[in-house]
Amino acid sequence: MALSKAIRDLAKAGNGFVSCETMGRVMQMLDPAWTPSDSQRLLAIVDPAKTGKVSADVLLEHFYGPAERKIKAIEMAIAFSPEDFSKYKQSVKVQNGNLATGYKCAGTFAGRNIELIYQKAEQAGIQCSLSNAVKACFGSSDSPKHVLLVSGFYVLHKLGAHAEAGCAPGSCETDGPLGVLALVRAFAFRGVYSSLFCDMHNGPVIKSGYDAMLAYYKASDPPAAQALEKYVRCLPYVSDNIAINMTATQYASFLKHHSAAFPNEAPNPAKLHTRAVCVVSQLAAALESAWGTVKPGSIDCLFALERLGAPYRNIRGKDISEHTEPIDCLWPLMDESSMMDAKSLAALAEFKAETRMDSAATKSLRGILGIKENALTLGIGDGGNEIGMGKVAHLKGVADLSPGGEFAALSVNGTYRACDHVVVATVSNWGGTAFEMAAYAMFKPSVNYTATMRSSGKGLTDLEDKILAAIMAKPWLSVDGKYNDMPHSVDGMEFVPAHSDLYNLLWSLSGADKA
């Protein structure tokens, strides 16, 4: 039982208060090392008047208040420039915002409207809360035990990158791999089985990044490397093309799955629903192959970062679905309430009618993988067309937003795929590292991987730098999504100083820089 849940459950029975005696017993249950002396020290802080009871709010502030303030500062840093944040806090009371300042290269600096998406979502009652996302993943007894992590945004170019069969020339962009590997660390170093999705388009870059991270830890921190090898599988590549990457046995499984998901309909390789079945069917085989005799349990968490979702349009509104394996089919569709933009709702209705990819299809496709019915879903994005961002991209007042010029409004390219918890960031990679560092601030990992980094004097930035160098090297040639020929950069910003300074800030805000 998580401490925060225990406190709230006890408080419900006590009209908002918990008896000091009961609190002591709960602490002993949660922490075998807890002693009566620890209880006395706690009571001296939270019940100085010696009333014999203490409010849940006081207890939660004592245990989580400092962490909440760190996490709010991290949340603001990835979405707001200092100028944005200054204006924002003039209009609203920023809860736990004592440490927050924003970050120089975030928000309006990048020109993607992420600070406006954050604020307009909040005005509509939707919290893009980093804290809530972290607590959903690690803060209760029923927290996820097996997460599917998905990233990869394919960019067409002719720079000579390695391309798998059936893929047009190009490679995965640099925004995504670093962020999803930060999620890998957050989950694996807390003992959560993590399956890292790899498709034919983006898999080579994702795998090269994972291999670079594993090599880094093998050289510097063997216990961390061992944890990765125990809890993580970089999955075999999957395709949405039934003519590629399938054995006869796998093709038979695909036909069975297609019949179950879409009865009385023959497979049509040109149709989205057939491509989705193909991806999911191959993913089922990939999971079985990768884990072998290890039993990670059913997938109970779906987490996407910088992964294009239906209708698969890039920032200019161009349809790039043929270069995107439709793994987004596992995430829920956006809400169809009155909060949503009318044009967006009409476009969603047309999409469902044309593709058959409705909520029933999502349920059937999840069934192929045995995903738990109540699986937690999360998404991190920086523009609105990424899986999970459908929770906010089509809200009234948001759907009309556009970076301007040649770029499309969100009513055109915003994804229809939503999630339980969405985190918005100026750069999606930043959102992944923000999640990792927020988790560190609130729920310490079982593998103390930050200690080795701290003792080396290099911190997290050194690892991110090495992963970026690995994925941009030949033959993978991951490219900057904004300027394909820009070296050692992400989203049009050089690693030093734009990204390195941000990683240093998150490292410091989380408290990972201190023993």
Side-chain angles (χ1 to χ4, degrees), residues 1-2 5 30 133-151 180-199 203 206-207 210 214 223-238 250 253 256-257 260-261 276-277 279-305 307 327-332 362-380 387-388 419-421 432 435-436 439 443-447 449:
M1 181 189 297
K5 185 176 187 301
L30 293 172
V134 167
K135 285 186 282 192
C137 291
F138 307 116
S140 69
S141 58
D142 57 354
S143 292
K145 306 299 186 293
H146 183 188
V147 59
L148 177 67
L149 297 168
V150 175
S151 188
V180 79
L181 293 175
L183 299 182
V184 167
R185 296 190 296 271
F187 284 97
F189 292 152
R190 288 168 181 79
V192 179
Y193 290 103
S194 305
S195 293
L196 184 56
F197 177 80
C198 289
D199 56 33
I206 298 291
K207 187 177 186 304
Y210 177 77
L214 182 59
Q226 290 167 10
L228 291 175
E229 291 178 319
K230 178 178 180 179
Y231 290 109
V232 183
R233 294 294 183 272
C234 198
L235 300 178
Y237 303 160
V238 303
Q250 289 171 340
S253 294
K256 177 182 177 182
H257 293 149
V277 174
V279 167
V280 172
S281 184
Q282 288 194 26
L283 178 55
L287 286 162
E288 183 177 357
S289 172
W291 288 104
T293 58
V294 178
K295 303 297 181 185
S298 299
I299 292 170
D300 54 4
C301 180
L302 301 166
F303 204 145
L305 180 148
R307 177 71 186 200
I327 190 63
D328 64 300
C329 64
L330 301 176
W331 272 256
T362 298
K363 183 176 181 180
S364 295
L365 292 165
R366 284 188 178 192
I368 293 171
L369 293 171
I371 294 172
K372 287 193 174 180
E373 188 172 348
N374 62 342
L376 181 68
T377 56
L378 303 99
I380 294 176
I387 298 175
C419 60
D420 297 318
H421 297 277
F435 181 91
E436 176 190 14
F443 304 104
K444 292 298 183 284
S446 53
V447 177
Y449 70 107

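The first residue of the sequence shown is numbered 1, and numbering continues consecutively from there. Just so it is clear, the values below take in all heavy atoms, side chains as well, and ignore hydrogens, waters and symmetry mates.
Side-chain contact check for Pro332 versus Arg366: some heavy-atom pair is nearer than 4.5 Å. In this structure, the side chains of Leu196 and Leu181 come closer than 4.5 Å at one or more pairs of heavy atoms. Contact check for Asp420 versus Leu378: no side-chain heavy atoms found under the 4.5 Å cut-off. The side-chain heavy atoms of Leu148 and Leu283, taken from C-beta on, include a pair separated by under 4.5 Å. Counting heavy atoms from C-beta outward, Phe443 and Lys135 have side chains that approach closer than 4.5 Å. Inter-residue side-chain proximity for Leu330 and Leu369 is flagged as met; some heavy-atom pair is nearer than 4.5 Å. A 4.5 Å side-chain heavy-atom check between Val279 and Cys329 finds every atom pair outside the cut-off. Side-chain contact between Leu287 and Ile299 is present, with heavy atoms from C-beta onward closer than 4.5 Å.
Between Ser151 and Val180, the shortest heavy-atom contact is CB-CB, 3.7 Å. Between His421 and Ala136, the shortest heavy-atom distance links the atoms NE2-CB, 3.5 Å. Scanning both residues, Ile206 and Cys198, for their nearest heavy atoms gives CG2-SG, 4.0 Å. Scanning both residues, Ala285 and Gln250, for their nearest heavy atoms gives CB-NE2, 3.7 Å. Taking every heavy atom of both residues into account, Leu149 and Ser194 meet most closely at CD1-CB, 4.2 Å. Nearest heavy-atom pair across Cys137 and Pro144 is O-CD, 3.2 Å.
Few gaps surround NZ on Lys145; more than 12 heavy atoms of other groups in view lie less than 6.0 Å from it. For Lys444, the NZ atom is densely surrounded, since the number of other residues' heavy atoms within 6.0 Å is greater than 12.
Separation of atoms CZ (Arg233) and OH (Tyr193) is listed at 8.5 Å; rounding is to 0.5 Å. With rounding to the nearest 0.5 angstrom, the NE2 atom of His146 is 9.5 Å from the CD1 atom of Ile371. Distance check, rounded to the nearest 0.5 Å: CH2 of Trp331 to CZ of Phe303 gives 10.0 Å.
With sequence neighbours excluded, the residues forming a ring pair (Phe, Tyr, Trp, His ring centres under 6.0 Å) with Phe189 are Tyr217, Tyr449, listed by chain and number. Under the ring pair (Phe, Tyr, Trp, His ring centres under 6.0 Å) criterion, Phe187 pairs with Phe138, Phe435, not counting sequence neighbours.
Between Arg307 and Asp199 there is a salt bridge, since a side-chain N of the basic residue sits under 4.0 Å from a carboxylate O of the acidic one.
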